[in-house]
Amino acid sequence: NIKYGITDNLLVELEILPLNMGDGSNQGNGDLTLQLFYQFMHEADMMPAMAIEFEGRIPTGEGSSGVDGTMYLNVTKTIMPNLRAHFEGFVMTANGGRGDEDEGRRAFQWGVGPGIDYQCDDKTISTINYLMRSSEANGAPNQNILEIGMVRELASNQHLKLAVDVGVDGRDTTPNFGAKILWSYDW
């Protein structure tokens, strides 16, 4: 992906995903995603920091259809030294999908939830986030997910991000467990 900071508060990102390698599948390979992130309020006194993000998936990949759009709102406030509280929400219009993933997919999706992060040291931040979201499938109940993760700065231009998602509502339609690993390198 390519990220470009237009100003200190405005970032644009262009990404081509997913890239399926080794499984012989190419459905949805190469979909274009465009993101625009804007921090419109900085934290000061009692005021929290606020940011809005827009993301659009354009069906340029094999077997993809429809354009998806998502809007995120993030509110963050320092509540103690090294400890911040968050509230995040999103709304999404899901008009298509990669390959056959659009079958039975809910056209309007949403999610909200609180979270906290703690700066363990100068290079490590740990997070806990709760998300209540609509199911991606039509007719399925809402999902309740807990995410626990951390970000570690490996070098000034490299970061390692680790997280696990755990379904906390006991429903069969909620993912029970998921793990994420991301290594980023900036130049």
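- For the atom pair Thr33 OG1 and Ile58 CD1, the distance stands at 7.5 Å (nearest 0.5 Å).
- Proximity of a side-chain donor or acceptor of Arg57 to a complementary backbone N or O of Gly66 within less than 3.5 Å is detected.
- With rounding to the nearest 0.5 angstrom, the OG atom of Ser135 is 8.0 Å from the CG atom of Asn142.
- With sequence neighbours excluded, the residues forming a side-chain contact (heavy atoms from CB on, under 4.5 Å) with Asn9 are Thr7, Tyr38, Gln39, His42, listed by chain and number.
- For Thr124, the side-chain hydrogen bond (donor to acceptor under 3.5 Å, both in side chains) test picks out Asp121, Arg152, with sequence neighbours left out.
- Considering CZ of Phe40 and CG of Leu73, their distance stands at 5.5 Å, rounded to 0.5 Å.
- The side-chain contact (heavy atoms from CB on, under 4.5 Å) check on Glu13 picks up Asn1, Lys3, Glu15, Gln35, with sequence neighbours excluded.
- Among residues two or more places apart in sequence or in another chain, the side-chain contact (heavy atoms from CB on, under 4.5 Å) test is passed with Leu36 by Leu10, Val12.
- Hydrophobic clustering, with ILVMFWY side chains joined whenever heavy atoms are under 4.5 angstrom apart, groups Val75 together with Val112.
- Residue pairs that meet the side-chain hydrogen bond (donor to acceptor under 3.5 Å, both in side chains) test with at least one member in residues 162-172, sequence neighbours left out, are Asn144-Asp169, Asp165-Lys180, Asp169-Arg171, Asp169-Thr174.
- Judged as a salt bridge (Lys or Arg N to Asp or Glu O under 4.0 Å), the pairs with a partner in residues 35-48 (not counting sequence neighbours) are, in order, Glu43-Lys77.
- Residue Val168 is grouped with residue Ile128 when hydrophobic side chains (ILVMFWY) are merged at heavy-atom distances under 4.5 angstrom, including chains of intermediate members.
- Atom CE of Met132 is separated from atom OG of Ser134 by 9.5 Å, given to the nearest 0.5 angstrom.
- Through chains of ILVMFWY side-chain contacts below 4.5 Å, Phe37 is grouped with Leu11.
- Transitive grouping of hydrophobic side chains (ILVMFWY, heavy atoms separated by less than 4.5 Å) brings Ile52 and Ile6 into a common cluster.
- For the residue pair Met41 and Pro48, the shortest heavy atom distance occurs at SD-O, 3.4 Å.
- Under the side-chain hydrogen bond (donor to acceptor under 3.5 Å, both in side chains) criterion, Thr93 pairs with Asn95, sequence neighbours left out.
- Here the side chains of Met50 and Phe87 are not in contact, with every heavy-atom distance at 4.5 Å or above.
- In terms of the side-chain contact (heavy atoms from CB on, under 4.5 Å) criterion, residue partners of Ile79 (sequence neighbours excluded) are, by chain and number, Leu83, Ala85.
- Rounding to the nearest 0.5 Å places CG of Leu131 at 5.5 Å from CD1 of Ile145.
- Annotation for Asn138 and Ala107: closest pair OD1-N, 4.3 Å, computed over non-hydrogen atoms.
- At a threshold of 4.5 Å between side-chain heavy atoms, the hydrophobic network of Ile, Leu, Val, Met, Phe, Trp and Tyr places Tyr130 and Phe177 in one connected group.
- Applying the side-chain hydrogen bond (donor to acceptor under 3.5 Å, both in side chains) test to Glu53 and every residue at least two apart in sequence or in another chain returns nothing.
- The minimum heavy-atom distance linking Pro59 with Val67 is given by the pair CD-CG2, 3.8 Å.
- Taking CD1 of Ile125 as the reference point, atom OG1 of Thr127 lies at 9.0 Å (rounded to 0.5 Å).
- Remark: side-chain polar atoms of Arg106 are paired, donor with acceptor, to backbone N or O of Ala137 under 3.5 angstrom.
- Counting heavy atoms from C-beta on, the side chains of Leu14 and Tyr4 never come closer than 4.5 Å.
- No single ILVMFWY cluster, assembled from side-chain heavy atoms under 4.5 Å apart, contains both Val151 and Tyr118.
- With sequence neighbours excluded, the residues forming a side-chain hydrogen bond (donor to acceptor under 3.5 Å, both in side chains) with Asp117 are Arg84, His86, listed by chain and number.
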Output a table of donor-acceptor pairs, distance under 3.5 Å, between side-chain atoms of residues 156-164 and any protein atom two or more places apart or on a different chain; print 'none' if there are none.
residue, atom, partner, partner atom, Å
Asn157, ND2, Asp186, O, 3.2
Gln158, OE1, Trp183, NE1, 3.2

